[in-house]
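Structure, as structure tokens:
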Amino acid sequence: METRSDLRTEELLINMGPQHPSTHGVLRLVLTIDGERVVQAVPHIGYLHSSMEKIAEAKTYRQYMPFADRYDYLNAMGNELAYVRAVEKLCGIEVTPRCEYIRVIMAEMNRIASHLVYFGTLGLDTGSWSPFLYCFREREAIIQLFEDTSGQRLLYHYFRIGGLRNDLPSHFCDKLAEFLDYFPARINEYNDLLTNNIIFQRRMQGIGYLSPELCRRYSVTGPNIRGAGIPYDIRRVVGYSVYPELEFDIPTRPEGDAYARHLVRVEEMRQSVRILKQCLEKLPEGEINVKVPRRLKPVVGEVYERVESPRGELACYLISDGSEKPWRLHWRAPSFYNLQVLPELLKGAYVADTVAILGSIDIVLPDVDR
Amino acid sequence: MDSSLIFTIGNALRTWLEGLCRAHGVPTLVVDILAWGTGAVLVVVLGLLVALFVIWLERKVAGYIQTRLGPTRVGPVGIFQTAMDALKILQKEDIIPRGADYWLHLAGPVLYFTALVLGFAVIPWDVKATLAATVDLNVGLIYVIGVTSVGVLGVVMSGWGSNNKWSLLGAMRAAAQIISYDVPLLLALICVVMVAGTLSLTRIVELQGSAGILGWYVFKPYLWLPFIIFVICGTAEVNRTPFDIPEAESELVAGFHTEYSGMKFALFFLTEFDHMWFVGLLGATLFLGGWYSPLGAADPIPGFVWLMIKSFIFVLVLQWFRWTLPRLRVDQLMGLAWKFLIPAGFVALAIVCVAVLFI
Amino acid sequence: MQDQHTSDEESKQGGSGGEPLPAAIAAALGSRITEGAVVDGVVHITVPATEVIEALRILAFEMDEPYSHLSDLCGVDRPDCIEVVYHLFRPLSNDACVVRVKLPRTNPHVPTATVLWETANWAEREAAEMYGITFEGHPDPRRLLLPDDISGYPLRKDWEYPQDHPYLRREPLHEEFPEIVGRVRAEAAPAEDERDGNSK
């Protein structure tokens, strides 16, 4: 076939976001595409920057609590956990065992809820609508429990420095036990809908390959690094709170592709159910609050407190100058670090893979921009 | 039968008008044009009404699959919801983006809609469908394929004319997809033509009905493979999940109709749902015995109703696909057409050749 | 109970307090460490800006048990200097090493850590726009989170709130709709007087 040398082709520069149905918020990706192939992807962030770290310097330690909920809004309890643990470590406060257990219950419930949102939105990204509504049905059960406990449905402001806002409502344990009984069967239902679907598998397998070396270079954490075969889980590595007393596995997959990350998250929901069941068994009676001075003035010093959020390693870096307000607060946001690896994963992928890979990394944009 | 009454009235009216024309020295061609026009308007109106119903059905089916209710407020079980939506969308501003090619932007949805509506002309509605709306064309099947394929031109025009990169990508995808899936679809249809020995849709239905329910082509084992290919390609032709990549909203925002609003968007929307019904009609005509009743000739229900029931079985299956399956990727879509469906089409053709020779 | 903070404790974050440094780190880095301490099991070391990349490289790649996980990188505004803090961890463990670089407030410069970890890219861009630190050799030294036209470095303690910036105006309503605000205030004023009168 004759080729015409004067026939010029060029790469197409296309703006994905900030207004786009599948960028999970206001991420903007500038894609250079060659036909359907992505040549280069440049993420632009900052559309949701809300000066969380500057705000902290103007608030007292207690006043900052509600802000901790507000950037990774799918993991509000987990953020609160990181913040209260950092403050308590700085002040040398030991909380009661019942409080620790309730905090772990809340964090794990929130992990399930967050993974359910991930599962549903990944379904939307790959063009399957129904899993989303099924996932939200179960998420609703969890949120209902949160609402009964804290009065809020998304941003709970339930943890307090040295304890909790209030004890669990009387029906909480029964309701949660009931949920834990039927939930594993529901996970199978979702797998039938999405995970085991041959089209979904063909789409997710072999795309967005994340090698252990790439994970190190980009400080990728959470289910993403576990999908690359490295059992890096802060709950096990640091063993904070009561996690050392609980039995759970850290699911890993050796493949490193988007499907492996998906399977890790599905398995993590099962492990969270396991943790919650043990927590309900072991939940001790007693006080939930310890006495904390009205004017909270930690000693001069700093802490770097890490917890495992559904998205990875969440850390709160808190520096105190001895006054009532933090001198500096810095969030090590898992999404911020995980998102940076995206351009590497997108090289050579199809445009359709872009949303699938982005969905499989599971970012929350306020967590990226803070 | 009830339906024959309508046709009797129609014919009587026609005879009377023709007499009137002759009495006043007007050529009877006027009556023909009037009759064709009435028929065409009837079919278009029917198509639009059915499209509204199909959209409502889609929302109800989606609700049922997704453990929710779907529309409930407007009318009993929300049946008038889509009519209200259509009225609302009529009032919307017609936005033409800056830098868009005005005529292409305008002509895209019109062509898309027209191409589909033309296809309805040869669908045999009933045994006595002598209204001018239905033409018993001796190359009916070729006409259907030829006319409906023009629709892709409308898609490409609207994609190019919108001055939007997402639209352009969607249009290119749509063109590639529809051209690719036309090939196996044609192979499947050739199998039917070989068995029937005619291209006329009316004749194909009559041949199926002559031997009772077992004469329907879907019950002939050597036509099972063409039937499966037809269902898959039909889904692809109407751009529905798992083949909805031209308008994949999680990737391409809304594909080729990203920049459309108001009635132009409604035209795209209605055409898509009408197209689904059209594929159902075609499937019912070619494989499910058209207007024939499964209960035999003594059935009092008009053939038209049976045709509707059969076509809506297809519609429901397509809706079931949409709300349970994820979307294919563009390379997998092409791979399915060229690596799997076309070879399967040739195998089906070979099987039918043997069957026609020896059975 | 926590109120007895003294000036001694200020030196806790990297000063001479705490236990001595582990021998492995002291041997590997040698004279590069200007200050070092172990507080609560966490190694804190301070290195000069010129040596930081070499020190990080040794910590991350050349030790027997390397601190190869860069957990976080951020800037801190201390009263006397601007700091860049690198939080390093050993993989799959909780062993931490906090590396600091103290920089002058005017025109702080430090070499980029992106040569060791690509992930430092965004963290350094954030620190650069928030603290005005220049990361030499950074591959993409643009702003990350803030609008392009903002002046100053917001996380510095001496940053002045830019009243004239369109995104950051404190009372947008008052400036954009003066007549409405004036009318509302005028309507509200007699009511207040009345209430005051009633209360008397």
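Values below: every heavy atom of this structure, side chains too, minus hydrogens, waters and symmetry copies. We name chains A, B, ... by the order of the sequence lines, and we start the count at 1 in each one. Given the structure is predicted, the values throughout are model-derived calculations rather than measurements.
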Contacting moiety of C:Leu116, where chain A heavy atoms sit under 4.5 Å: backbone
Chain A contact via C:Val85 - which portion, at a heavy-atom distance below 4.5 Å: side chain
Spatial distance of atom NE2 (A:His44) from atom CG (C:Leu144) [nearest 0.5 Å]: 10.5 Å
Proximal component of C:Arg142, with respect to chain A [non-hydrogen, under 4.5 Å]: side chain
Rounded distance (nearest 0.5 Å) linking atom OG of A:Ser51 with atom CG of C:Leu146: 7.0 Å
Those residues of residues 129-141 of chain C, ordered by number, that approach chain A below 4.5 Å (heavy atom to heavy atom): C:Met130, C:Tyr131
Non-neighbouring partners of C:Tyr153 that pass ring pair (Phe, Tyr, Trp, His ring centres under 6.0 Å), sequence neighbours left out: none
Toward chain A, the part of C:Ala60 with a non-hydrogen atom under 4.5 Å: neither
Contact winner vs chain C - A:Arg306, A:Lys54, A:Arg370, heavy-atom pairs under 4.5 Å: A:Arg306
Selection from A:His49, A:Arg332, A:Gln340 maximising heavy-atom pairs under 4.5 Å formed with chain C: A:Gln340
C:Trp122-A:Phe336 aromatic ring centre distance below 6.0 Å: yes
Student check: side-chain heavy atoms of C:Pro91 and A:Tyr232 closer than 4.5 Å: no
Gap separating the CD atom of C:Glu118 from the CG atom of A:Leu214, nearest 0.5 angstrom: 8.0 Å
Spatial distance of atom CD1 (A:Ile230) from atom NE2 (C:His69) [nearest 0.5 Å]: 10.5 Å
Min side-chain heavy-atom separation A:Val237-C:Phe89 under 4.5 Å: no
Residue part contacting chain A, namely of C:Arg125, when any heavy atom lies under 4.5 Å: neither
Residues A:Arg216, C:Leu70; criterion side chain to side chain contact (heavy atoms under 4.5 Å, CB included); working and verdict: CA-CA 8 Å; A:Arg216 185 200 64 77; C:Leu70 176 72; over 6 Å; no
A:His330 side chain reached by C:Val76 side chain, heavy atoms, under 4.5 Å: no
Which portion of A:Glu53 sits near chain C, non-hydrogen atoms under 4.5 angstrom: both
Flag for C:Ser71-A:Tyr304: side-chain donor and acceptor within less than 3.5 Å: yes
SB check A:Glu302 C:Arg78 (cutoff 4.0 Å): yes
Euclidean distance, A:Glu57 CD relative to C:Trp159 CH2, rounded to 0.5 Å: 11.0 Å
